[in-house]
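Quick notes on the structure that follows.
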Amino acid sequence: MDLGIEGNAALVSASSSGLGKAAATALAREGANVVVNGRDEERLDAAVEDIREVAEGEVVGQPADLTDPDDIERLVQRTVDEFGGLDHLVTNAGGPPSKPFSETTDEEWYQAYDLLVMSVVRLVRESVDHLEAGDGGSIVSSTSHSVKEAIDDLVLSNSVRMGVIGLEKTLSRELAPDVRVNAVMPGAHETDRMVYLIENAVEQGRFETYAESEEAWTDDIPMGDLGSPAEFGNVVAFLLSDRASFINGESVMIDGGDARSNL
């Protein structure tokens, strides 16, 4: 299926690794011009080179700390300056620390909110005029499976990411019909973040080995394995495209059927 996004301008935050990189790769492969973002410039440069190997559009990197409003302003402006506008925005951010409620400090709560919610607020605020100026902009916010079904020892992700879903639903009504807004809720995928969570569970004594910890994540997934980041990226690219033109205000699970909730 031709997604019809060739030549469009896209910005993907926190895209130098993991699922953000997968989304940027999928967009670039479809011919979109993509700005890739990360804090670590060495990792960012490497990601840009990787994506360029499969890209049909242009790919550039822009470093930014998503908790810094000035960095976010520069990130959006770089996209507009580089490509003459902005058609698609993917909001994404790294996960907060893994720990239970009893060990989580006030500072960590505020940091998680700043990273996971305020980064989306600021990215949309800086982007919305540019998205509305085109032929029909679109936003996808990447959150987590934990929004739908809480995960042990991820109290920050379980709690704070729900704010992004409320924001996404509100924006889908306020910005339509000029801009569509949706969210994705990824489950367990083969990323560095997943490795961290598996190893952290072993360090906390919940499992004796890495293999046992990994099995706890995959055992209940009907598809039988961790997800491929590429599969995640394809869903994001579709939701951003005109092929999904009547999908708005939705939160889409990408978890291989892991969640047991009916809705």
### Message
What I'd like to find out is whether the side chain of Pro229 reaches to under 4.5 Å of the side chain of Thr191, using heavy atoms alone.
### Response
yes
### Query
Is Lys148 salt-bridged to Asp255, cutoff N-O under 4.0 Å?
no
### Query
Hey, is Arg122 close enough to Asp114 for a salt bridge, meaning N to O under 4.0 Å?
yes
May I have the list of side-chain donor-acceptor pairs in residues 123-140 shorter than 3.5 Å, sequence neighbours left out?
| from | atom 1 | to | atom 2 | distance (Å) |
| --- | --- | --- | --- | --- |
| Ser127 | OG | Leu123 | O | 2.7 |
| Ser138 | OG | His88 | ND1 | 2.7 |
| Ser138 | OG | Leu240 | O | 2.7 |

### Query
Hey, are Asp71 and Arg39 close enough for a salt bridge, meaning a charged N less than 4.0 Å from a carboxylate O?
no
### Query
Taking the hydrophobic residues Ile, Leu, Val, Met, Phe, Trp and Tyr, and joining any pair whose side-chain heavy atoms are under 4.5 Å apart, which ones share a cluster with Ile221?
Met223
### Message
I need the full list of salt bridge (charged side-chain N to carboxylate O under 4.0 Å, His left out) pairs touching residues 222-251, with sequence neighbours left out, sorted by first then second residue.
### Response
none
#### Entry: pair Arg260-Glu149: side-chain heavy atoms closer than 4.5 Å
yes
### Query
Which hydrophobic side chains are connected to Tyr110, either touching it within the sub-4.5 Å cutoff or through other members that do?
none
Result block: side-chain N/O donor-acceptor pairs under 3.5 angstrom for residues 90-100, not counting sequence neighbours:
| from | atom 1 | to | atom 2 | distance (Å) |
| --- | --- | --- | --- | --- |
| Thr91 | OG1 | Ser141 | OG | 2.8 |
| Asn92 | ND2 | Ala14 | O | 2.8 |
| Ser98 | OG | Asp153 | O | 3.3 |
| Ser98 | OG | Asn200 | ND2 | 3.1 |
| Lys99 | NZ | Glu108 | OE1 | 3.4 |
| Lys99 | NZ | Glu108 | OE2 | 2.8 |

### Message
Within the 4.5 Å heavy-atom criterion, are Val34 and Ile51 side-chain neighbours or not?
### Response
no
### Message
Are Thr209 and Val202 packed together at the side-chain level, in the sense that at least one heavy-atom pair is separated by less than 4.5 angstrom?
### Response
no
### Message
Please tell me whether Ile151 and Leu156 are part of a single hydrophobic cluster in this structure, the criterion being side-chain heavy atoms less than 4.5 Å apart.
### Response
no
### Task
Please tell me if the side chains of Val236 and Val184 come closer than 4.5 Å, counting only heavy atoms from C-beta onward.
yes
### Task
Run through the side-chain heavy atoms of Ile, Leu, Val, Met, Phe, Trp and Tyr, join any pair under 4.5 Å, and report what else lands in Met185's cluster.
Val147, Met162, Ile165, Met253
### Message
So, taking the atom named CG in Asn182 and the one named NZ in Lys169, what distance separates them when rounded to the nearest 0.5 Å?
### Response
8.5 Å
